[in-house]
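Structure record follows, encoded as structure tokens.
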Amino acid sequence: MIERIGYLWPEIVLFIGACLTMVIGLSPNADMRKQTGLIAGVSLLIAAALGLATPAAPTWAILPGIMPFAKPLIALVGLLLLLVNIGSVDRDEEAAIAAGKPFNPLRVTGAEFYAFFLFSLMGAMLCATAGDLIWLFLALELTSLPTYVMVVLSGRGKKGFDRSQEAGVKYFFLGALGAGIFLYGFALLYGGTGTTQFVEIAQHFAAHGMNPIATVGLVLALVGVSFKIAAVPMHFYTADVYQGSSGGVAAFLAFVPKTAGMISILLLVSTVGWAAGQGSLPPAIESLLWALAVLTMTVGNVLALLQSSLKRMLAYSSIAHSGYMLVGVIAGPGDGSFVSSGIAAVLFYLLCYGVMSTGVFAVLASLERKSGGEAVEVESLDDIKGLCRSHPWLGWSMVICMLSLLGFPPILGFFGKVPLFTSALGAGHVVLVVILALNSAIAAFYYLRVVAGVMIDPESDSGVRDTGVPARVIAAVISGVLVLGLSVFGNVFMGSGEKAAEVRRFVGQSDEHDTDSVPLDEHSEAAEDEHHAVSH
Amino acid sequence: MLGMSDMMHMASATLAQAGYPEAMSTPALAHYLFLSAVLFVIGIVGFVTRRNLIIMFLCTELMFQAAGLALIAFSRFHLHHTGQTFVIFVLTIAAAEAALALALVVLLFRKKDSLSGEEWREMQG
């Protein structure tokens, strides 16, 4: 157990950062309070650097290479998300304090917000480190519990506070339902295999095949975790929650829980399919994922077409993108090269999606309009028409990120989608690829509507203006530049994606009973001792 | 009860098939699993059909405890402590969720003077 500390430095740094922000954010000195965002940023930078240096291929990990890819990814996109969110909490309260209102520690929430921000990112990183079901359960909960509070806090002191509370309540209750479902799935998975360690579960499946209890457990676990990625049976909350939270928090929700969920799905599925050596998934799990993927992309895209609110449209588009990523999960590891590995495709797509969706939400967060004398968020496409003329930096960032979300060649999103196509084709899922292509075509309608509105239409007269928080504009521009930059230099990530997608296989261990595999079918004392040595 | 005995036989046959000794798969495990499945289903059905936020929250708690019961039963069945360790963590998370749920419910009650989830429908889609 103790040797795992070596893989946890990024999380430890984020934890220290979170504790510091919690203390410093309550300082009566306003200058000290302002440092919370800086502390969060510095700890994310250090975590990214440490994450890059994470040693690979430990014996307890089922996807041994995933950590050096996932952790820097989460930390760096987290940094971008921090830029979008910075300065958005406590704006009115801080302004009132500066104007002479006495400081009341109960009224400021900056400390909690940044601490929860870091905790949630830490949870997502811990998902990548997970080696057993208990760990994965705790990591998933650590990712999602802070986000419920962040949603509620994001509207505090603004006109939309009712909305953000409603969003928080909905998100929490459906999140708890999802957690209950995947927890029950984990319990059955443990019951059916006699262990919570992924590697041992994979060995058990390799030796004895699937049994109904474990199959039901895996199905429930996948359905429950699909809440985190907003896949279809559990997608109801998405639009309301994104609409109710501030733009920055919506961007956070679009990336962090999705990343944690996708990584968890990869870990769970790899115990049964690829790692067990068959190279493909068992029919029950494959058809479940197939149905999830097809429903998720289709429902997401069709409903996105019907939305007038930009945030709701982006919410449904994020559902659709989860569907695209599930295609990569179905495709499996292939022969391990970047073009044939669905796992590498999923991981690379998470990178693309994180950057481009953060860019779009950052543009929305940077803008506000007047409504009855009060500044409110931009709501519909009409508000941002002609943005390229009135706010060229924001407008062009929006255009680039939208085209990238659409998968328009030769922009980043296109290069993200190509490996999904090639890996699914390589695994022989032609129908799935056709559905994916059709969905990309449907998606073109609503993305291009926004692109055309922003680029071509005359400026709107709804009085849209900058919110005056430079960090958000900077985040939007950085995202736009990153999308363009990665379109050109994205191939540097192919190697790391390939390494991250490496799969451990347990072929033929059923007959050998070598020292690594715990012989679960014999309840001999030796086996028990060995098991305890492994698990504690 | 026909359904229950069926389930019991299925569970023990399954586990025997999965390589566990026949003597281990006594009906006792199936009883626990059946109870836990019933709790879980009550939780889901209650969550979907009720609109009172406290009851909805208790339903999710029921689902958590159903999983806890299954974990302990399996832990005894496999003759090791992993499942029981898991349950301790499950209880911790359940407590954290309870704190959050009650905070949200209090927030709701202060605003709308009602515990019904129906009161919160400003956003429609």
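To find a chain, count down the sequence lines: A is the first, B the second, and so on, and within it residues start at 1. Here the structure is a predicted model, which means the values were calculated and not measured.
- The NE2 atom of H78(B) lies 5.5 Å from the OH atom of Y190(A); values are rounded to the nearest 0.5 Å.
- Here V90(B) is the residue among V105(B), V90(B), T92(B) with the most heavy-atom pairs under 4.5 Å with chain A.
- The residue from L138(A), L183(A), L142(A) that alone fulfils the side-chain contact (heavy atoms from CB on, under 4.5 Å) condition with I93(B) is L138(A).
- With a threshold of 4.5 angstrom between heavy atoms, I181(A) approaches chain B through its backbone and through its side chain.
- Considering CH2 of W135(A) and CZ of F89(B), their distance stands at 10.5 Å, rounded to 0.5 Å.
- The distance from the CD atom of E200(A) to the OG1 atom of T82(B) is 8.5 Å, given to the nearest 0.5 Å.
- Proximity to chain B (any heavy atom under 4.5 Å) is shown, for F173(A), by both the backbone and the side chain.
- Remark: Y237(A) engages Y171(A), F227(A) in a ring-ring contact (aromatic ring centres under 6.0 Å, His included) (not counting sequence neighbours).
- Closest approach of L145(A) and A96(B) over heavy atoms only: CD1-CB, 3.9 Å.
- Of the two parts of L133(A), the backbone and the side chain both hold a non-hydrogen atom closer than 4.5 Å to a non-hydrogen atom of chain B.
- Residues of residues 39-49 of chain B lying within less than 4.5 angstrom of chain A, judged on heavy atoms, are F40(B), I44(B), F47(B) in numerical order.
- In this structure, R107(A) has no salt bridge (Lys or Arg N to Asp or Glu O under 4.0 Å) partners at least two apart in sequence or on a different chain.
- When heavy atoms are compared at a cutoff of 4.5 Å, A214(A) does not approach chain B at all.
- For residues 60-72 of chain B, a heavy-atom distance under 4.5 Å to chain A picks out T60(B), M63(B), F64(B), A66(B), A67(B), A70(B), L71(B), given by residue number.
- With a 4.5 Å cut-off on non-hydrogen atoms, A101(B) touches chain A through its backbone and its side chain both.
- The CD atom of Q165(A) sits 10.0 Å away from atom CZ of R110(B), with the distance rounded to the nearest 0.5 Å.
- Looking at L174(A), both its backbone and its side chain come within 4.5 Å of chain B, counting heavy atoms on both sides.
- Contact tally against chain B (heavy-atom pairs below 4.5 Å) for G185(A), S309(A), G175(A), A176(A): the top residue is A176(A).
- Contact of L188(A) with chain B is made through backbone and side chain together, with heavy-atom distances under 4.5 Å.
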